[in-house]
Amino acid sequence: MSKPTQLTPFGYALAGALGACFSNAVVYPLDIVKTRIQATTVDSNASDKEKLSIIGVLLRILKEEGISGYYRGFMATMLNTFSMQYAYFFFYSFVRTSYIKRLAAKRPAGSAAVPLSTAAELALGAVAGALAQIFTIPVAVIATRQQIGRSLDRPASKKTAAAPADGDKAEKAAKEEDEYDDSFLGVAKEIIAEEGVTGLWLGLKPGLVLTVNPAITYGLYERVKSVMLLAKGETSTNAKLSPWMAFTVGALSKALATVVTYPYIMAKVRIQARSADIEEAQEEHIPLPQHNKPHHKTGHHVGALTVLARIWRRNGFVGWYQGMSAQLVKAVITQALLFMSKDQFEHWALAIMVLFYRLRGAKP
């Protein structure tokens, strides 16, 4: 085995995974804010909406949970980010190789291979994204629950504490808060107790739908890129945008793709965070779901379309985009950080590959 002098495809996947973890770590408090805004059910009055501003949620977390509240579920989120990136690359390589072999088997012997079309590449990417979702979503569900913590319970707890007749209930709620196990395994056990083992795959269906997000981003990017190059009079197939223009177009494409798919993004978070169960109990006038106890006696869990229908009835069309500003700010900052750190992480990934090469060479 020769010493690596340039990155292999898996090396690029490692660089991408490290870069994604870095960019998400820098903006992690904003990720917490985004998730909590998306998971919170509010009425249409102005006072409730003001509580869901980015600054308002940041200040409330600092007041109630301290600095550590900004990093709830940090390790689970980093694990999910890294595993999702690598799983996507693994499955993309697998399905792409399989597809090319099938095409080769149908061609006459000795004929040259035809490059895959953009549509085929996007379709293969969507299949790879779906497979990666299936294998990594349990970590994402646990990370979402850790980010939320008991924040969805606090408003109710305060109202209970204000009533003298319910002093025992308030004391019991406070005791449960103190005993809450928010470790990775603790949250996993809680999910299984409430939803069964399949609860670790909550939000899978909207997650599969959201695999179209990269396809929309890529399609918009290529369309805007071609229009801008034509406007500059560059018609060559090898013509490229300047680095900062490429970043701007990429950020704009990502923002537009987020706007298109955002309602499903929020529905997925609400299903994973238990908000959907709370809304269902309130709408049907039944007791609220209890922690570590089964939530669905019939085994039925509310779907994304039902969640969106309830939001429409409560808050109208605007409700579908609750928390989108936080989502867009995070996406743009993350994109900028990835753009600026891309080369550095590729250098580090190559250094890691060289280190493994030397370790393997040192073995007898």
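Keep in mind that the numbers below use all heavy atoms, side chains included, and drop hydrogens, waters and symmetry copies.
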Quick check: closest heavy atoms across [X] and [Y], and the distance to 0.1 Å?
X: Leu305; Y: Tyr264; result: CD2-OH, 3.6 Å
X: Ala39; Y: Ile148; result: CB-CD1, 3.6 Å
X: Ala87; Y: Thr136; result: CB-CG2, 3.9 Å
X: Ala20; Y: Ser23; result: O-OG, 3.1 Å
X: Ile191; Y: Leu200; result: CG2-N, 4.0 Å
X: Val307; Y: Ala276; result: CG2-CB, 3.9 Å

Heavy atoms, side chains only, cut-off 4.5 Å: are [X] and [Y] in contact?
X: Tyr86; Y: Leu14; result: yes
X: Val127; Y: Phe91; result: no
X: Leu202; Y: Arg145; result: yes
X: Leu337; Y: Ile333; result: yes
X: Thr40; Y: Val57; result: no
X: Ile137; Y: Trp201; result: yes
X: Thr41; Y: Arg310; result: no
X: Val332; Y: Lys254; result: no

When rounded to the nearest 0.5 angstrom, what is the spacing between [atom1] in [X] and [atom2] in [Y]?
X: Tyr99; Y: Leu103; atom1: OH; atom2: CG; value: 4.5 Å
X: Phe82; Y: Met78; atom1: CZ; atom2: CE; value: 12.0 Å
X: Ile216; Y: Ser253; atom1: CD1; atom2: OG; value: 11.0 Å
X: Lys189; Y: Ser183; atom1: NZ; atom2: OG; value: 7.5 Å
X: Leu18; Y: Gln85; atom1: CG; atom2: CD; value: 9.5 Å
X: Leu58; Y: Leu30; atom1: CG; atom2: CG; value: 7.0 Å

Taking [X] for the side chain and [Y] for the main chain, is one N or O donor matched with an acceptor at less than 3.5 Å?
X: Gln38; Y: Met266; result: no
X: Trp320; Y: Leu308; result: yes
X: Tyr28; Y: Phe74; result: yes
X: Tyr262; Y: Gln322; result: yes

query: What residue among Ile271, Val141, Ile134 forms side-chain contact (heavy atoms from CB on, under 4.5 Å) with Leu204?
result: Ile134

field: Member of Leu79, Thr81, Asn80 meeting the side-chain contact (heavy atoms from CB on, under 4.5 Å) criterion with Thr77
entry: Thr81

Which label fits [X] and [Y]: parallel for a plane angle under 30°, tilted from 30 to 60°, or perpendicular past 60°?
X: Tyr92; Y: Tyr88; result: parallel
X: Trp312; Y: Phe317; result: perpendicular
X: Phe94; Y: Phe90; result: parallel

Path from [X] to [Y] over hydrophobic side-chain contacts below 4.5 Å:
X: Leu124; Y: Phe135; value: yes
X: Tyr321; Y: Val260; value: no
X: Val26; Y: Ile54; value: yes
X: Val318; Y: Val269; value: no
X: Leu230; Y: Leu252; value: no

- prompt: Should Arg270 and Ile311 be marked as a side-chain contact (heavy atoms from CB on, under 4.5 Å) after you check the CA-CA gap, both sets of side-chain angles, and the distance that decides it?
  reply: CA-CA 11 Å; Arg270 291 201 175 191; Ile311 295 171; 3.6 Å; yes

query: side chain to side chain donor-acceptor pair (under 3.5 Å) with Thr144: which of Arg274, Lys268, Gln272?
result: Gln272

field: Single hit among Gln327, Gln146, Gln147 for side chain to side chain donor-acceptor pair (under 3.5 Å) with Thr35
entry: Gln147

- prompt: Charged N to carboxylate O below 4.0 Å: is that the case for Arg36 and Glu65?
  reply: yes

task: Can you establish whether the number of heavy atoms outside Arg313 located under 6.0 Å from its atom CZ is more than 12?
output: yes

